[in-house]
Amino acid sequence: MSAWERPWCGRVTRENLGQKVELVGWVRRRRDLGGLIFADLRDRTGLVQLVFEDEMVAAGEQLSGQDVIRVRGVVRPRAEGQANPNLATGEIEIRVSELEILTESETPPFVIEDDTNASEDLRLTYRYLDLRRPVMTANLVLRHRIVAETRRYFDEMEFIEVETPILTRSTPEGARDFLVPSRLHKGAFYALPQSPQLFKQLLQVAGLGRYIQIARCFRDEDLRADRQPEFTQIDVEASFVREEDIFVLTEGLFRRIFPLAGIPFPAKVPRLDYFEAMERFGSDRPDTRFGLELVELGPLCEGCGFQVLENAAATGRVKGLVLPGGAALSRKQLDQLSDFVKPYGAAGLLWFKRTENGVASPAKKALGEAGAARFLDAAGAGEGDLLLAVGGSEKVVFASLGALRVELAKEHGLIPGGRHDFLWVTGFPLLEWSEEDGRFYACHHPFTSPLPEDAGRLESDPGSVRARAYDIVMDGVELGGGSIRIHDPALQRRMFRALGIGEEEANARFGFLLEAFRYGVPPHGGIALGLDRIVMLMAGRDSIRDVIAFPKTTSGSCLLTGAPAGVDPAQLKELGLKP
RNA sequence: GGGGUCGUAGUUCAGUUGGUUAGAACGCCGGCCUGUCACGCCGGAGGUCGAGGGUUCGAGUCCCUUCGGCCCCGCCA
């Protein structure tokens, strides 16, 4: 029987009753009843029950877990009352008449089941066994379907998939580059791309019009649960487009892929201004599935009598949020919340409780009962509620309350199960001032176009200029972002000037792009979507490692291969890195 | 670069104020068992307590150093 005709284990059903079939797969579990042996045979599609009886019992006794076998047998219905409703193949079984053990397996280092309790480092060391677990296999299958649907969608939209170089040129600004030494040019280096940004813009100059790439990107920065040093973007760029076009295009894609995981995509995706997002949620990627919105407390602090608040309001911001029913929190719990907020730079967390006995707060002594009550009133806190406040620089207040908001929602189960919120965040600042370096940096990248109505202030008040940039956010996770690019060479020069990049430096770094723009550049823009994060959210996982076949640990090593590793001194010599 | 947390049998964990022979479950091995699907029952093997050093009559337990996993801040869209 040809390999392509042989049925998958998980797809043998009543339809096949009475047929003689050949099956291959891994032995999952043997149930030896003495004169009768059951075993599960599995492949990536699922499992089917094998029966060894009469003359086959002796053969069945040889099997052990994870052996790879080929069997022939007849598909027959299970005995009366013995069907397993939990299995797609639960109504049938294979009465084995021929068994061939193709390879034997040693006892695996952990149980290859969905509910394995193996630690993640063990799973990563034996990733091929981990991926054999049905949940992990399902993640890879889902990822494949998303990618396949993405390619289908963009093909229908007449986008062209183009591969861009992996060995490219280091582009400063942004993340740290991975470098690859050149053998032919000793002392010179390629860089791995942080994204195909410049190439996809050049493809617009080339007249391609609509570009898509499932692109691998590399950034040499510290890792997180949702950050790997190499990751995959759905990279998109198109000519003669405006923001609306990109929104429609992206929503159209999501409307096609999210249903693959049973997640409906809304007819309309709300838009949220960046500054409003920060004021209301303390984050530019807010999770809008729950409330706990930030409230303004600054004006109340002026002359309130509590020195700490007066100072904070005078030099920065004071904001808070109300946890309904939070007055029941213990002193210990409040201390823990205070500790939670400290890594974000908050000096402390000030709390106000409204109880049936009045107001309780460490600030009550300084503010008085009525003064403290005014804070609760302003925040809209009712009886039994808790107001948590942070004062300090705007950055610290937003960062700490934004994180606290999410933490409280998780801790108190305020996130509705099964709900998913999508939104566009727009109106980002174009530039961000760096105190350390005493210069502006591009929030997105140096080719992002300013809003036309703000562009006039590029020289007079650069910090106030907003960008034609946008992010798409799902459940508090940034799925991707993009912008309409600068296509006017004069505007690009002004942008470089605002960034403190001189003519000479700009030519040295991005000369090829500027040169290209001299020969007829169409207005263009695009977006890059984080495929790993999209798959992670669709699969309902907390880490992108679960949707990447061979991920790195948080220290950037691969426990399976041992990368990164030392190399032969001869290799270094060849590269001119060692004498 | 910084903070937190974990590391004991193949695996996941327990291990008291420092005290004799480091336990449990699952897995594995052997035996019995003809309708199991987390099969069941009986028996057995299996340990550099992450590594190195120190304190102590005595260290899985206390101290120092170090390695590794995970989470977070910084960093990174």
Side-chain angles (χ1 to χ4, degrees), chain A residues 28-42 47-54 57 60 64-66 78-87 89-90 93 106-126 129 173-177 194-195 197 217-229 231 233 284-285 336 339-346 395-396 399-400 403 406-407 425 428 432 436 441-445 448 469-473 477-483 527-530 533 542-543 545 552-555 557 559:
Chain A
R28 181 217 183 199
R29 189 175 272 141
R30 193 182 65 181
R31 296 175 291 279
D32 187 344
L33 276 65
L36 178 69
I37 298 174
F38 296 100
D40 296 329
L41 185 67
R42 66 162 299 274
L47 54 86
V48 64
Q49 175 163 280
L50 306 179
V51 189
F52 297 83
E53 57 187 18
D54 304 327
V57 169
S64 63
Q66 304 306 323
R78 292 201 182 183
E80 193 64 29
Q82 294 296 329
N84 184 344
N86 301 320
L87 240 45
T89 60
E93 61 191 10
E106 290 183 18
T107 303
F110 57 89
V111 184
I112 301 176
E113 299 289 338
D114 278 355
D115 56 353
T116 187
N117 47 14
S119 61
E120 192 170 0
D121 56 328
L122 193 70
R123 289 171 46 208
L124 289 174
T125 305
Y126 299 92
L129 297 181
E173 310 270 312
R176 192 177 297 114
D177 285 316
Q194 297 176 25
S195 80
Q197 183 60 38
C217 306
F218 306 86
R219 290 175 191 166
D220 188 8
E221 297 292 347
D222 286 0
L223 287 74
R224 286 286 194 284
D226 61 353
R227 270 165 33 192
Q228 284 273 305
F231 60 100
Q233 283 185 346
D284 62 356
R285 48 177 174 85
Q336 283 169 353
D339 288 340
F340 174 83
V341 119
K342 277 177 184 150
Y344 299 93
K395 201 175 165 186
V396 163
S400 48
V406 173
E407 174 71 10
V425 178
F428 286 86
E432 189 185 22
E436 307 93 89
Y441 279 93
C443 287
H444 190 59
H445 57 58
T448 301
Y470 33 81
D471 278 0
I472 187 153
V473 174
V477 176
E478 183 204 322
L479 291 187
S483 63
I527 193 165
L529 303 163
R533 289 182 184 175
D542 297 321
S543 164
R545 291 189 298 273
K552 309 280 190 289
T553 68
T554 48
S555 68
S557 42
L559 295 179

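FYI, side chains are in, hydrogens and waters are out, and symmetry mates aren't considered; it's all heavy atoms of this structure. Throughout, a chain's letter reflects where its sequence line sits, starting with A, and its residues are numbered from 1.
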Sugar-phosphate only, base, or nothing, as touched by [X] at under 4.0 Å among non-hydrogen atoms:
X: A:Glu93; answer: base
X: A:Ser119; answer: sugar-phosphate
X: A:His445; answer: nothing
X: A:Ala403; answer: nothing
X: A:Gln82; answer: base
X: A:Leu122; answer: sugar-phosphate
X: A:Arg545; answer: sugar-phosphate
X: A:Thr116; answer: nothing
X: A:Ser555; answer: sugar-phosphate

Looking at B:rA77, B:rC70, B:rC39, which one has an atom nearest to any side-chain atom of A:Thr553?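 Selected nucleotide (nearest to the side chain): B:rC70.
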From the list B:rG69, B:rU34, B:rA77, which nucleotide is the closest neighbour of the side chain of A:Glu478?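 In terms of side-chain proximity for A:Glu478, the closest of B:rG69, B:rU34, B:rA77 is B:rA77.
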Gap in Å between the two [atom1] atoms, one belonging to [N] and one to [M], rounded:
N: B:rG15; M: B:rA9; atom1: C1'; value: 14 Å
N: B:rA24; M: B:rG4; atom1: C1'; value: 30 Å
N: B:rC13; M: B:rU66; atom1: C1'; value: 25 Å
N: B:rG68; M: B:rC76; atom1: C1'; value: 24 Å
N: B:rG44; M: B:rU34; atom1: P; value: 24 Å
N: B:rG43; M: B:rA25; atom1: P; value: 12 Å
N: B:rG1; M: B:rU55; atom1: P; value: 32 Å
N: B:rA22; M: B:rU65; atom1: P; value: 30 Å

Indicate the atoms forming the closest heavy-atom contact of A:Ala469 with A:Thr448, along with that distance. CB-CG2, 4.2 Å
In short, A:Asp220 meets A:Asp177 closest at the heavy-atom pair CB-O, 3.9 Å
Could a donor-acceptor pair under 3.5 angstrom be found where the side chain of [X] meets the base of [N]?
X: A:Arg219; N: B:rC76; answer: no
X: A:Arg78; N: B:rC37; answer: yes
X: A:Arg30; N: B:rC39; answer: no

Could you check how far [atom1] of [X] sits from [atom2] of [N], rounded to whole Å?
X: A:Phe110; N: B:rG10; atom1: CZ; atom2: C1'; result: 12 Å
X: A:Leu223; N: B:rG1; atom1: CG; atom2: P; result: 14 Å
X: A:Glu120; N: B:rC71; atom1: CD; atom2: P; result: 7 Å
X: A:Arg224; N: B:rG3; atom1: CZ; atom2: C1'; result: 12 Å
X: A:Tyr441; N: B:rC76; atom1: OH; atom2: P; result: 9 Å
X: A:Glu113; N: B:rU11; atom1: CD; atom2: P; result: 18 Å
X: A:Phe52; N: B:rG35; atom1: CZ; atom2: P; result: 18 Å
X: A:Asp339; N: B:rG2; atom1: CG; atom2: P; result: 21 Å

With both distances kept under 3.5 Å, what pairs with [N], Watson-Crick or G-U wobble?
N: B:rA24; value: B:rU12
N: B:rG7; value: B:rC67
N: B:rC49; value: none

Evaluate whether the aromatic ring of A:Phe38 and the six-membered ring of the B:rU36 base sit under 5.5 Å apart, centre to centre, with an inclination under 30°. yes
Min side-chain heavy-atom separation A:Arg227-A:Arg533 under 4.5 Å: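 When only atoms from C-beta onward are counted, A:Arg533 and A:Arg227 do touch, with a gap below 4.5 Å.
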Could you tell me whether the side chain of A:Leu479 reaches within less than 4.5 Å of the side chain of A:Arg285, counting heavy atoms only?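 A:Arg285 does not reach A:Leu479 side chain to side chain.
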When you measure from the side chain of [X] to the backbone N and O of [Y], does any donor-acceptor pair fall under 3.5 Å?
X: A:Tyr470; Y: A:Ser483; value: yes
X: A:Thr89; Y: A:Leu47; value: yes
X: A:Thr116; Y: A:Glu113; value: no
X: A:Gln66; Y: A:Thr107; value: no

Would you mind telling me which residue lines up with the more 5' stretch of RNA chain B, A:Ala225 or A:Asp32, judged by nearest nucleotide?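 Closer to the 5' end of RNA chain B: A:Asp32.
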First of A:Ser557 and A:Asp222 reached from the 5' end of RNA chain B, by closest nucleotide: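 Looking at the nearest nucleotide for each, A:Ser557 comes out on the 5' side.
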Does a side-chain N or O from [X] land closer than 4.0 Å to OP1 or OP2 of [N], or not?
X: A:Thr107; N: B:rG10; value: no
X: A:Arg29; N: B:rC39; value: yes
X: A:Arg31; N: B:rC39; value: yes

